[in-house]
Amino acid sequence: MTERDAQRHGISVIGKMRTGTGKRDVTIVDLSERGCRIFDRMGLLTPGKTVTIKIGPVGPIDATIRWQERPYAGLLFDNPLYPAVLDHIRAHFDLRELGRGEIDRPGG
């Protein structure tokens, strides 16, 4: 399986990325077992550079910058996420899911 074969999931999760020059907040906008796409306001990432990223409270995860098109960048994880970890992130940390709990459903 190549890195592009992994199923991508649209998501919105706040993360922290650490580069050789410091750390900053980023937003993960899609996620797969092999990598993610991030929104990075600074947009100063160099393809081939190694970073670590936390996706919500999960991590740090070692990754390599694969591409950058301001303000987005693609990261390839050094080791794929376990499917259960990917499912956990999607179920519990996706900001798009806020306000969709039982209390918000008619009759809930």
Side-chain angles (χ1 to χ4, degrees):
M1 176 184 290
T2 68
E3 64 224 36
R4 282 292 199 181
D5 291 337
Q7 182 179 2
R8 296 168 175 253
H9 302 278
I11 198 166
S12 180
V13 177
I14 301 300
K16 289 215 181 280
M17 183 176 59
R18 182 178 296 274
T19 66
T21 58
K23 66 180 177 180
R24 62 180 175 267
D25 290 337
V26 295
T27 303
I28 294 87
V29 296
D30 80 24
L31 181 66
S32 75
E33 291 175 15
R34 299 283 306 146
C36 64
R37 180 168 55 110
I38 62 169
F39 175 84
D40 175 35
R41 292 178 308 182
M42 294 184 70
L44 301 174
L45 300 170
T46 305
K49 183 176 189 125
T50 58
V51 298
T52 58
I53 189 163
K54 284 185 78 169
I55 303 171
V58 177
I61 300 165
D62 294 325
T64 302
I65 306 299
R66 295 291 295 195
W67 58 267
Q68 194 242 348
E69 294 175 9
R70 285 185 176 172
Y72 295 97
L75 280 66
L76 175 65
F77 301 146
D78 289 0
N79 297 298
L81 296 177
Y82 290 107
V85 172
L86 177 63
D87 292 344
H88 180 74
I89 292 168
R90 293 180 59 217
H92 296 285
F93 306 110
D94 188 350
L95 297 175
R96 300 173 311 160
E97 296 299 316
L98 290 177
R100 295 188 186 175
E102 291 296 321
I103 197 167
D104 299 314
R105 293 190 183 126

Let me check something: any side-chain donor-acceptor pairs from residues 11-22 under 3.5 Å, sequence neighbours excluded? List them with distances.
| residue | atom | partner | partner atom | Å |
| --- | --- | --- | --- | --- |
| Lys16 | NZ | Asp25 | OD1 | 2.5 |
| Thr19 | OG1 | Thr21 | N | 3.2 |
| Thr19 | OG1 | Thr21 | OG1 | 3.1 |
| Thr19 | OG1 | Gly22 | O | 3.4 |

Report summary line: Applying ring-ring contact (aromatic ring centres under 6.0 Å, His included) to Phe77 and not counting sequence neighbours gives none
Query raised in the report: Should Leu75 and Ile61 be marked as a side chain to side chain contact (heavy atoms under 4.5 Å, CB included) after you check the CA-CA gap, both sets of side-chain angles, and the distance that decides it?
Result: CA-CA 10 Å; Leu75 280 66; Ile61 300 165; over 6 Å; no
Query raised in the report: About how many Å separate CZ of Arg34 and CG of Asp78, when rounded to the nearest 0.5 Å?
Result: 9.0 Å
Query raised in the report: Under 4.5 Å between side-chain heavy atoms, hopping through other hydrophobics if needed: is there a path connecting Leu86 to Val58?
Result: yes
Requested in this report: Find the distance between CG (Asp40) and CD1 (Ile28) and round it off to the nearest 0.5 Å.
Outcome: 10.5 Å
Query - Ile89 CD1 to Leu81 CG distance, which is reported to the nearest 0.5 Å - result: 5.5 Å
Query raised in the report: Which heavy-atom pair separates Pro83 from Glu33 by the least distance, and what is that distance?
Result: CG-OE2, 3.5 Å
Query raised in the report: Which heavy atom in Ser32 sits nearest to a heavy atom in Gln7, and how many Å separate them?
Result: CB-O, 3.2 Å
Query raised in the report: Can you name the residues that form a side-chain contact (heavy atoms from CB on, under 4.5 Å) with Asp30, not counting sequence neighbours?
Result: Arg8, Arg37
Query - Cys36 side, atom SG; Ile53 side, atom CD1 - distance, nearest 0.5 Å - result: 4.5 Å
Query - For the student: nearest non-hydrogen atoms of Arg96 and Asp94, plus distance - result: NH2-OD2, 2.8 Å
**Report entry** Separation between CG of Leu44 and CZ of Arg70, rounded to the nearest 0.5 Å
**Finding:** 5.0 Å
Query raised in the report: Among Leu31, Thr27, Val29, Leu45, which one satisfies side chain to side chain contact (heavy atoms under 4.5 Å, CB included) with Ile38?
Result: Leu45
Query raised in the report: For the atom pair NZ (Lys49) and CD1 (Ile65), what is the distance rounded to the nearest 0.5 Å?
Result: 8.5 Å
Query raised in the report: Would the number of heavy atoms belonging to other residues, nucleotides or ligands and lying under 6.0 Å from CZ of Arg24 be above 12?
Result: yes
